[in-house]
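Taking it in order: structure first as structure tokens, then the write-up.
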There are 2 protein chains.
Amino acid sequence: MTADPLSKVFSALADPTRRDIVARLAVADATVNEISQPYAMSVQAVSKHLQVLEEAGLVSRSRDAQRRPCHLEAEVFDLMTTWIGRYRREAEARYQRLDAVLANLDADTTRANADRSNADMNRNRNHQTGAAS
Amino acid sequence: MTADPLSKVFSALADPTRRDIVARLAVADATVNEISQPYAMSVQAVSKHLQVLEEAGLVSRSRDAQRRPCHLEAEVFDLMTTWIGRYRREAEARYQRLDAVLANLDADTTRANADRSNADMNRNRNHQTGAAS
DNA sequence: CCGTTGTTCAACCAGTTGGTTGAAGAAGGA
DNA sequence: TCCTTCTTCAACCAACTGGTTGAACAACGG
């Protein structure tokens, strides 16, 4: 339960029902009952989902008589996007550098092929093949 | 096991060990053994983590003799960022509109107070936060 | 005051997850 | 061939998850 914030946000959004709830709360605030309407599960189950979202900081709840209107907190998304952005950028930069290296390799290869040398220098080529942009 | 791609990616990144692995693979490809070095857990456990990342499409593996070099696939990140971006943008747009509505409401309120009309026009106030067209 | 509505709490259950250990495959090197 | 290294498979276990039902709590409306 006392996991780090990033883990909580990611695991909160790992459930399709909870993602759907987030999608609907992005359009409009709603009470627990309203939210639970479209789903085949019990209201209690939806209430649990909302607790998870709240614990992750994605949803806040106010009070209106017996009702508990739920509101989407958009700022928490930034936690994820900065994390993701950081490593995606790193990986892409690395990919760019790899491309440059490969370009050099290819140049070498054509030159090497030109004077008919070793044939199996591609043996180690598997790395980058999957990474096509 | 046959969950939708988005769920798989989110839940793969919900584990701090797996996020750390991703962070390290963003810097350089590595074998299972290399990856498992810094962690207190067994190599088998790390192998399982890599299976999860592979199943989520975040990591691909090639073959180099007995070794299985792991490579980070950056494109899958886009699945998440587009999903996140969409609802964050919606929520923020809604927040902007709400701000405008509140500004209008304040103006109306002061005017209404000026000519002393009906007092319960706020009865239905809860809904509108979401309903701002 | 009592009944109704909206929400949560508590106990329970089946399935998944994150780890363990032990054994087995796969491939190189002596 | 045999030994060693890297990796995965299989069985097991404790803890967590996502759902259930039944009861309780909170607040309005007669």
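In what follows, chains are A, B, ... by sequence order, proteins preceding strands, each numbered from 1.
Where A:R61 and A:K48 each meet DNA chain C at their nearest nucleotide, the meeting point lying more 5' is that of A:R61. The residue among B:S47 and A:V43 whose nearest nucleotide of DNA chain D lies closer to the 5′ end is B:S47.
Checking B:S47 against B:R68 by side-chain atom types alone, no donor-acceptor pair falls below 3.5 Å.
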Check your understanding: Under the salt bridge (charged side-chain N to carboxylate O under 4.0 Å, His left out) criterion, do B:R19 and A:D4 qualify, and how do the steps go?
Key -> CA-CA 12 Å; B:R19 281 200 307 278; A:D4 60 301; 2.6 Å; yes
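For the pair A:L50 CG and C:dT7 C1', the computed distance is 11 Å after rounding to whole Å. Nucleotide D:dT5 holds its P atom 13 Å from the CD atom of B:Q37, rounded to whole Å. The CD-P distance, from B:E55 to C:dT16, rounds to 14 Å in whole Å. Note: NE2 (A:H49) to P (C:dT7) measures 16 Å, nearest angstrom. Here C:dT17 presents its C1' atom at 13 Å from CD of B:Q51, a figure rounded to the nearest Å. Here C:dG6 presents its P atom at 18 Å from CG of A:D29, a figure rounded to the nearest Å. The CG-P distance, from B:N33 to D:dT5, rounds to 11 Å in whole Å. In this structure, the CG atom of B:L53 is 13 Å from the C1' atom of C:dG18, given to the nearest Å.
Side-chain proximity of A:T31 to the nucleotides C:dT7, D:dT7, C:dT21 is greatest for C:dT7. Candidate nucleotides D:dT20, C:dA27, D:dA27 were compared by shortest atom distance to the side chain of A:A65, and D:dA27 ranks first. Distance from the side chain of B:R68 is smallest for D:dT7 among the nucleotides D:dT7, C:dG18, D:dC28. Taking the side chain of B:M41 as heavy atoms from C-beta on, and the options C:dG28, C:dT20, D:dC6, the nearest nucleotide is C:dT20.
Under a 3.5 Å cut-off, the side chain of B:R88 and the backbone N or O of B:W83 do not form any donor-acceptor pair. The closest donor-acceptor contact from the side chain of B:E92 to the backbone of B:R89 lies at 3.5 Å or more, if one exists at all.
Here the straight-line distance linking atom NE2 of A:H49 with atom CG of A:D15 works out to 4.5 Å at 0.5 Å rounding. To the nearest 0.5 angstrom, A:L50 atom CG is 4.5 Å from A:I35 atom CD1. In this structure, the separation between CZ on A:R24 and CD on B:E90 is 13.0 Å, given to the nearest 0.5 Å.
At a threshold of 4.0 angstrom between heavy atoms, the contacts of B:Q44 include nucleobase atoms, whether or not backbone atoms are also involved.
For DNA chain C, the residues of residues 10-18 of chain B within the heavy-atom distance limit of 4.0 Å (strictly under) are B:D15, B:R18, sorted by number.
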